[in-house]
Amino acid sequence: QVQLVESGGGLVQPGGSLRLSCAASGNIFSLYTMRWYRQAPGKQRELVAGITSGGLTNYADSVKGRFTISRDNAKNTGYLQMNSLKSEDTGVYYCRLGYGTYSTVGDWGQGTQVTVSS
């Protein structure tokens, strides 16, 4: 069973930066797409960014140009660098492995809370 642990969240001022980490157990991390999701208060969970096993990336329009997704397969770890943070970025961030278009594997973790506030 794939287990993912998110970390790196916290409280940050608007315009600030955070780097989230997604640590995966097991030996299959490098085979799958890794995606970051977030859920803001009162809203549905949304896809933020994804990176394929080959390094191709995609981003939600709301974060394009501000966030950067990356992965280190040797460490079984994925990252989300978040710059120029806005209050609208506030929410719980989750990572998930996937394949194909939007198929997923493993379970949801507990996520990490990101709060952007003055």
Side-chain angles (χ1 to χ4, degrees):
Q1 186 73 45
V2 175
Q3 293 183 332
L4 304 175
V5 179
E6 301 93 341
S7 63
L11 175 65
V12 65
Q13 300 280 357
S17 299
L18 285 173
R19 189 180 74 156
L20 308 184
S21 296
C22 173
S25 64
N27 60 354
I28 66 169
F29 176 79
S30 64
L31 302 178
Y32 293 96
T33 288
M34 184 197 70
R35 301 186 178 101
W36 284 97
Y37 300 79
R38 70 185 179 191
Q39 187 165 26
K43 300 185 66 176
Q44 294 186 358
R45 184 154 45 200
E46 64 176 337
L47 177 63
V48 175
I51 181 169
T52 70
S53 61
L56 299 178
T57 61
N58 68 283
Y59 301 90
D61 288 341
S62 59
V63 308
K64 195 170 298 181
R66 300 187 298 118
F67 290 11
T68 302
I69 187 171
S70 62
R71 66 194 300 162
D72 186 339
N73 290 335
K75 297 181 178 180
N76 289 336
T77 302
Y79 305 94
L80 184 67
Q81 178 67 46
M82 306 185 296
N83 299 324
S84 301
L85 283 163
K86 307 174 181 179
S87 61
E88 302 87 73
D89 297 317
T90 293
V92 180
Y93 284 69
Y94 304 86
C95 61
R96 191 88 182 265
L97 301 184
Y99 62 95
T101 304
Y102 292 111
S103 299
T104 60
V105 297
D107 300 320
W108 294 105
Q110 293 188 344
T112 184
Q113 175 72 46
V114 172
T115 303
V116 185
S117 180
S118 299

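Put simply, OG on S7 and CG on L20 are 8.0 Å apart, with the number rounded to the nearest 0.5 Å. Rounded to the nearest 0.5 Å, atoms OG1 (T52) and CG (L31) are 12.0 Å apart. In this structure, CG on N73 lies 9.5 Å from CE on M34, to the nearest 0.5 angstrom. Note: C95 SG to I69 CD1 = 9.0 Å, rounded to the nearest 0.5 Å. Going from atom NZ of K86 over to atom CZ of R66 covers 4.5 Å, rounded to the nearest 0.5 Å. Taking SG from C22 and CG from L4, the interatomic distance works out to 4.5 Å, rounded to the nearest 0.5 Å.
The shortest heavy-atom contact between A49 and L80 is CB-CD1, 4.3 Å. Looking at every heavy atom in both residues, V2 comes nearest to G106 through CB-CA, 4.1 Å. Across all their heavy atoms, Q13 and S118 have their closest contact at OE1-CA, 3.1 Å. When all heavy atoms are compared, the tightest approach of S17 to Q81 is CB-NE2, 4.0 Å. R71 and S30 make their closest contact through NH2-CA, 3.8 Å (heavy atoms, listed as atom of the first residue, atom of the second, distance). Listed here is the closest heavy atom pair of L85 and L18: CD1-N, 3.9 Å.
Cluster membership check: V48 shares its hydrophobic cluster with I51, using side-chain heavy-atom separations under 4.5 Å among Ile, Leu, Val, Met, Phe, Trp and Tyr. If you chain together hydrophobic residues whose side chains sit under 4.5 Å apart, V92 and L47 fall into the same group.
When each of V114, D89, V116 is tested with M82 by the rule side-chain contact (heavy atoms from CB on, under 4.5 Å), just one qualifies, namely V114.
Side-chain atoms of E6 and Y93, non-hydrogen and from C-beta on, never get closer than 4.5 Å to each other.
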Practice task
Decide side chain to side chain contact (heavy atoms under 4.5 Å, CB included) for Y99 and V105; before the verdict, give the C-alpha distance in whole Å, the side-chain angles of both, and the deciding distance to 0.1 Å.
Solution key: CA-CA 8 Å; Y99 62 95; V105 297; 3.5 Å; yes
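Residue pairs meeting the ring-ring contact (aromatic ring centres under 6.0 Å, His included) criterion with at least one partner in residues 21-74, sequence neighbours excluded, are Y37-W108.
Taking the side chain to side chain donor-acceptor pair (under 3.5 Å) definition, one finds that S84 meets it with nothing, sequence neighbours left out.
Q113 and T115 are linked by a side-chain donor-acceptor pair at a separation below 3.5 angstrom, with hydrogens and angles left out of the test. A donor atom on one side chain and an acceptor atom on the other are not found under 3.5 Å apart for D72 and T77.
Looking only at distances, no side-chain donor or acceptor of S87 sits under 3.5 Å from a matching main-chain atom of S117.
Seen from the ring of Y94, R38 does not count as a face-on cation partner, given the 6.0 Å and 45° thresholds.
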